[in-house]
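Notes follow the structure.
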2 protein chains.
Amino acid sequence: MRCRRCDNAMQDTADTTLPLRPFLAKLHPYTPGEQRAGANIVKLNTNENPYPPATAVIDEVGRAAARLALYPDPVSDSLRRALAAYHGVHPEQILVGNGSDEILRLLVHATIDQGGKVAVVDPTYSLYPVLAAQFEGSTEIYPLVDRQRLPEEIFDGEEPILLLPNPNPPIGTLFSRAEIADLCRARPQTLVAIDEAYVDFARRDAVPLLAEFSNLAITRTFSKSFSLAGMRIGYVIADAALVAALMKIKDSYNLNHLAQVAAAAAIASAKEMERNCARIVETREWTVRELRALGYELPDSHANFVFAIRPDAGEHYAKLRERGILVRYFDTPVLRDGMRITIGTPEQMEILIAALKEILSRGNP
Amino acid sequence: MRCRRCDNAMQDTADTTLPLRPFLAKLHPYTPGEQRAGANIVKLNTNENPYPPATAVIDEVGRAAARLALYPDPVSDSLRRALAAYHGVHPEQILVGNGSDEILRLLVHATIDQGGKVAVVDPTYSLYPVLAAQFEGSTEIYPLVDRQRLPEEIFDGEEPILLLPNPNPPIGTLFSRAEIADLCRARPQTLVAIDEAYVDFARRDAVPLLAEFSNLAITRTFSKSFSLAGMRIGYVIADAALVAALMKIKDSYNLNHLAQVAAAAAIASAKEMERNCARIVETREWTVRELRALGYELPDSHANFVFAIRPDAGEHYAKLRERGILVRYFDTPVLRDGMRITIGTPEQMEILIAALKEILSRGNP
């Protein structure tokens, strides 16, 4: 490892005599999707929304910037009340975080310690094993049947926490409300955390189940449907006792003032978000038809991305990249036959399809 | 605990059957200073800056709001480079966080586990014991001599981490560079973390010692001198190996895009920050003279607050509060004879002094 400033050799964690906890040397951090900029880049690799946030959000943020010398509300109370009204729950059932990343970390921190296990499916969101490792635990992996259906064994597990996205990346499968209820019922000693980051593209959420199951927690983000990935806002809806516990381990002022203002304005303008989601779903269905016509297999997706399967997907990923079109490729045994493509604007998807047609017409050398 | 929405009784953490780690039931969270708003409130209780951030900061934030649909840079690279140039260190020596709160939490997470100890002085920043408890550890307390001088014993301790603010709240004492060097030298197995939140009001920092001691870490915040408490930006300057370890346990996208933009603009406009600090130091010296004339004892402060000692400080705190003037009172054995007063504008401090004169002229009933 060399310094980018002076090209001197730099130390890595393993070399140090600092009193660091041993788990750190072995920990592999999460790899975020590439953030490449440029006028000609078609960026379909990190499930961002191609449409801007509601105009009211941008206006409110501009206005709020003058108030930055003061600390923000430490518990985002006015935002909690807005979210509670939006979902028809109590404000005490909501904790707002610096992205749902923070919420997911707090859930793991609150439930496992050294040697503890987090139950996950496979494939799934690749952040979860990192969170387990950060608290010196690991994951118990329940492979999905055909990469899509919950296996029987997951209903018998006894890990203190289960992290399950719904829809589940990178395929986009939507588990039914009945399956989630079954998980909560079959595993009363487990905190069943359903990560609904993409649920606004699916239109069937698990919120009504909260009235029935105190071991259910639902996480949400403003990064996808609300076009606010740059703002880092997420939240959990759960039993008030869980929220009270998480409050104790969050950073004192975990959400900055502008994020609180932006989120409140976004909720007040939720109709704009719904319109954007409808456009993205329409573009998704067009994209699925076009990709299938090109010989890709596509499982049904209920999110703002699709998983396009062909034996040569890895090569297509690289060739798209050469053309400035970024999609995500996971080189793992379970996922290396496909690429995850974020749904952008109709114009972006037409560029993608045209490029794939061109790549296919040249054949593989 | 009752719901503020429907007045139903709500559960607290202790009642739950959720699989929560036992330490959570006993954990007492940090109490942030009161955030009360209103046209007639004189808010001198949370060490905020009475002057707004640089105009360029507000402008840049407004411009950046349109770009929020995309994820932020996960490691705040351009801001790291700006901070490295500002301090004359390598970018690899800097980690930026969601307030220095996040940085301090990461330092504790990286060094202690169940039963571990964090060395602290007394009095000091009241967040530190909470951080230790969040990782199932506790603090080893080294009481300051006369609330100001480092005790001999602290040089012999062997805790993996020492958290020491410089200047040290709520008194405002500044430890010398030689004392910090002695700590690093005497405790080679300890990560000596110097919290320089208030150092811009003191004008003598420990940054030059980084070249000499790899067990030294210096934390900074944009909340005080840069007038950006609402934006949540902090950072650590340390050995690159420590930064590499902390990178592994921070949230993937820990700093939102607007905070990165605001911090870069603030560093580019650092001259404005320095001007505000000079004004605050001038107002501080005026305030100290006035308070001493009213019979308060004031240890020298090198921060944007003073600690005003009188046996009846607690009553004065309450009477100021009745008049809409908020200062901070800590009802602990070591601190209950004084109040911590943030230095505001000259006009705000004149209101404070006038109110105290009036309170004193009435005498205590």
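Residue numbering restarts at 1 for every chain, and letters A, B, ... go by the order of the sequence lines. Since this is a predicted model, take the numbers as computed values, not measurements. Values below: all heavy atoms of this structure, side chains included; hydrogens, waters and symmetry mates excluded.
Note on Leu258(B), Asp113(B), Val243(B), Val130(B): by heavy-atom pairs under 4.5 Å with chain A, the leading option is Asp113(B). Most heavy-atom pairs under 4.5 Å with chain B: of the set Leu70(A), Val57(A), Thr31(A), Val61(A), this distinction falls to Leu70(A). Ranked by non-hydrogen atom pairs under 4.5 Å with chain A, the options Ala262(B), Pro52(B), Pro53(B), Pro72(B) are led by Pro72(B). Taking Arg105(A), His257(A), Arg63(A) one by one and counting their heavy-atom pairs under 4.5 Å with chain B, the maximum is reached by Arg105(A). Taking chain B as the reference chain and counting heavy-atom pairs below 4.5 Å, the highest number among Ser227(A), Ala66(A), Pro74(A) is found for Ser227(A). Of the listed residues Asp101(A), Leu255(A), Asn215(A), Ile249(A), the one with more heavy-atom pairs under 4.5 angstrom with chain B than any other is Ile249(A). The candidate from Thr190(A), Leu228(A), Asn98(A) with the greatest count of non-hydrogen atom pairs under 4.5 Å with chain B is Asn98(A). Ranked by heavy-atom pairs under 4.5 Å with chain A, the first of Gln189(B), Arg67(B), Glu48(B) is Glu48(B). Most heavy-atom pairs under 4.5 Å with chain B, from the set Pro50(A), Ala65(A), Ala110(A), Ala259(A): that is Ala110(A). Contact tally against chain A (heavy-atom pairs below 4.5 Å) for Leu246(B), Asp251(B), Thr46(B): the top residue is Asp251(B). Your options are Ser223(B), Ala229(B), Ser252(B), and the one with the most heavy-atom pairs under 4.5 Å with chain A is Ala229(B).
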Evaluate salt bridge (Lys or Arg N to Asp or Glu O under 4.0 Å) for Glu136(B) paired with Arg21(B), printing each intermediate quantity in order. CA-CA 10 Å; Glu136(B) 309 192 40; Arg21(B) 303 268 317 124; 2.9 Å; yes
Go through Leu162(B) and Leu191(B) one step at a time and tell me if the side chain to side chain contact (heavy atoms under 4.5 Å, CB included) criterion holds. CA-CA 6 Å; Leu162(B) 165 67; Leu191(B) 178 63; over 6 Å; no
Please lay out, stage by stage, how Glu92(A) and Arg80(A) fare under the test salt bridge (Lys or Arg N to Asp or Glu O under 4.0 Å). CA-CA 8 Å; Glu92(A) 284 74 9; Arg80(A) 284 173 94 193; 5.9 Å; no
Side chain to side chain contact (heavy atoms under 4.5 Å, CB included) between Val75(B) and Lys250(B): does it pass, once the steps are laid out? CA-CA 10 Å; Val75(B) 294; Lys250(B) 79 172 187 64; 4.2 Å; yes
Steps toward side chain to side chain contact (heavy atoms under 4.5 Å, CB included) verdict (Thr345(B), Tyr51(B)): CA-CA 8 Å; Thr345(B) 60; Tyr51(B) 304 110; 4.0 Å; yes
Go through it in stages, so that I can follow the logic: the residues are Ile94(A) and Val89(A), the test is side chain to side chain contact (heavy atoms under 4.5 Å, CB included), and I'd like the CA-CA distance, side-chain angles, deciding distance and then a yes or no. CA-CA 8 Å; Ile94(A) 289 183; Val89(A) 300; 3.9 Å; yes
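Neither the backbone nor the side chain of Leu104(A) comes within contact range of chain B; no heavy atom of the residue lies under 4.5 Å from a heavy atom of that chain. Heavy atoms closer than 4.5 Å to chain B are found in the side chain of Lys224(A), but not in its backbone. Only the side chain of Phe23(A) comes within contact range of chain B, with heavy atoms under 4.5 Å apart. Looking at Gln260(B), there are no atoms closer than 4.5 Å to chain A (heavy atoms on both sides), in backbone or side chain. Contacts of Ile112(B) with chain A are made by backbone atoms alone, with heavy-atom separations under 4.5 Å and no side-chain atom involved. Proximity to chain A (any heavy atom under 4.5 Å) is shown, for Pro160(B), by both the backbone and the side chain.
A donor and an acceptor atom, one from each side chain of Asn254(B) and Glu102(B), are located under 3.5 Å apart. At a cut-off of 3.5 Å, with distance as the only test, no side-chain donor of Asp239(B) or Gln93(B) sits close to an acceptor on the other residue.
With sequence neighbours excluded, the residues satisfying ring pair (Phe, Tyr, Trp, His ring centres under 6.0 Å) with Tyr125(B) are Tyr30(B), Tyr128(B). Residues passing the ring pair (Phe, Tyr, Trp, His ring centres under 6.0 Å) test with Phe135(A) are His109(A), His109(B), sequence neighbours excluded.
Between Leu107(B) and Thr111(B), the closest heavy-atom pair is O-OG1, 2.7 Å.
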